[in-house]
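Below is one structure, written out as structure tokens; comments come after it.
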Amino acid sequence: MTMIDIIAPVEQEGTKAVVRNWLKQIGDRVAEGDALVELETDKVTQEIPAPCEGVLTEIRMLDGENAVPGAILGRMSLEASDSTAIINEPGAAAEHQKDVTSGAHHYSPAVRRAAAEYGIDPSMITGTGKGGRVTRADMDRAFGEKTEGRASAPTTPTTASVQVTDPRFQPTERLRPSPVQEGLAASRKIPHSAMRLAIAKHMSHSLSVAPQVTAVFEADFSAIIRHRDLHKDSMKAEGINLSYTAYIVAACIAAMKVVPEVNSQWHEDSLEVFSDVNIGIGTALGDKGLVVPVIRQAQHLSLQGIAARLQDLTGRARTNSLKGDDLKGGTFTISNHGVSGSLFAAPIIINQPQSAILGVGKLEKRIVVREVDGADTIQVRPMAYVSLTIDHRSLDGHQTNSWLTEFVDTLETWAL
């Protein structure tokens, strides 16, 4: 029988990869290129395709296990039947045979283990995985809701939010929540994802190695709002969303021409100043964390080109469709934290090994004083706080303020 290994990518974006969800089950016949398993790194989730047409016969790495580059995730046979199926865990062969005959084989090993441990029938849960599949995270969440319901009951047990109806998933010993101690709040623990752990490590490292200083300016968005109102419909007709972020990227490029040292990286013996302006855009993924897709060589793009690239990258980020190359090579980062409502955030931690990061707060109408014909007037303008956090090893205050001055001036004097 010819066996083909399913290999974790040798080149992957991120510090490590974790097996998150098998999309096919033992015995499934698949075509070459069909998605077999999802790997989650600290930056992206990627699907590993079938290397050939055949049958999935062995799962060697289970949900939650670390997959180093080149690791064998599983194996396929060019010709096989269910009798050759193997799951690489103690007692799994008997469990798998039971699942095949009972109809539970469409759940991953991690889900089946959680079902037995928690006493929860996965068929009663709405899955959030691809195609509506139930994931381990869904099981953990259901168990949290179940125990919260028990802990909040004053005297008598209440009906759990997810009931066990399938005897296959009845635990041998029913789990009982610990009594809530007087004065202590009820709680539940949510396991860290690989992305969350990597973000924590990266942010802690950045603060430990770089002395970070933040300068704050205020920007009037009136000029770019007028320009956008004039041109957004024509770009929309071409399938391009003209966002405010596109203007912010363009203003960053203009400021880099005045203070190119902001687009740099600190080395112990030198400051490396980049000629290409590769701007990363912090993109939130809800409670999963965030990624920073990169607009490469942004200095060569028009406003329309920037808008199109932004639309492509952020759209694919939110559908977990980014490739590893989309996240590489950034020389400067923008955190548009105002889209979620904050006026100001400091410090916005530098994305190491870069030298600076821009923060853009919420755009809102504010009362400002403007001089008109030599007289002070009170006006209502669309304003936002903008900040530049710098690595003080690489940059000083006068460079920071010069950069922000040019950045704000570009936004406020945008020609129609």
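- R366 and E218 are joined by a salt bridge, as a carboxylate oxygen and a charged side-chain nitrogen come within less than 4.0 angstrom of each other.
- Checking I59, L56, I72 one by one against I6, the side-chain contact (heavy atoms from CB on, under 4.5 Å) holds for a single residue, L56.
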Could you pull out all donor-acceptor pairs under 3.5 Å where a side-chain atom in residues 375-385 meets a protein atom, sequence neighbours excluded?
from: T377; atom 1: OG1; to: R370; atom 2: O; distance (Å): 2.7
from: T377; atom 1: OG1; to: Q379; atom 2: NE2; distance (Å): 3.0
from: Q379; atom 1: OE1; to: R381; atom 2: NE; distance (Å): 2.8
from: Q379; atom 1: OE1; to: R381; atom 2: NH2; distance (Å): 2.6
from: R381; atom 1: NH1; to: D220; atom 2: OD2; distance (Å): 2.6

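- When N320, V19, N21, V18 are each tested for a side-chain contact (heavy atoms from CB on, under 4.5 Å) with E38, only one passes: N21.
- In summary, the aromatic rings of F332 and W403 are positioned with their centroids under 6.0 Å apart.
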Report task. Walk me through it: do M3 and S77 pass the test side-chain contact (heavy atoms from CB on, under 4.5 Å)? Result -> CA-CA 4 Å; M3 303 295 290; S77 66; 3.6 Å; yes

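- Looking at heavy atoms from C-beta onward, V292 lies out of side-chain contact with T283 at the 4.5 angstrom threshold.
- Counted by atom type alone, D391 and S355 present zero donor-acceptor pairs between their side chains at under 3.5 Å.
- The distance from atom CG of L358 to atom CD1 of I348, rounded to the nearest 0.5 Å, is 7.5 Å.
- For K328 and D325, the salt-bridge test passes: some basic side-chain N is under 4.0 Å from an acidic carboxylate O.
- Using a 4.0 Å cut-off between a side-chain N of Lys or Arg and a carboxylate O of Asp or Glu, R316 and D326 qualify as a salt bridge.
- Between E238 and K236 there is no salt bridge, since no side-chain N of the basic residue sits under 4.0 Å from a carboxylate O of the acidic one.
- Atom CG of D269 has more than 12 neighbouring heavy atoms from other residues, nucleotides or ligands inside a 6.0 Å radius.
- If you check the side chains of Q297 and D276, you find a donor sitting under 3.5 Å from an acceptor.
- At a threshold of 4.5 Å between non-hydrogen side-chain atoms, the residues C252 and N263 do not count as touching.
- Annotation: H267, atom NE2; neighbour count of heavy atoms from other residues, nucleotides and ligands within 6.0 Å is above 12.
- Heavy atoms of other residues, nucleotides or ligands lying less than 6.0 angstrom from CG of L230 number more than 12.
- Nearest approach of A142 to I125, heavy atoms of both residues: CB-CD1, 3.7 Å.
- Figure legend: R228 and Y247 shown without cation-pi pairing, the cationic atom not lying both under 6.0 angstrom from the six-membered ring centre and within 45 degrees of its axis.
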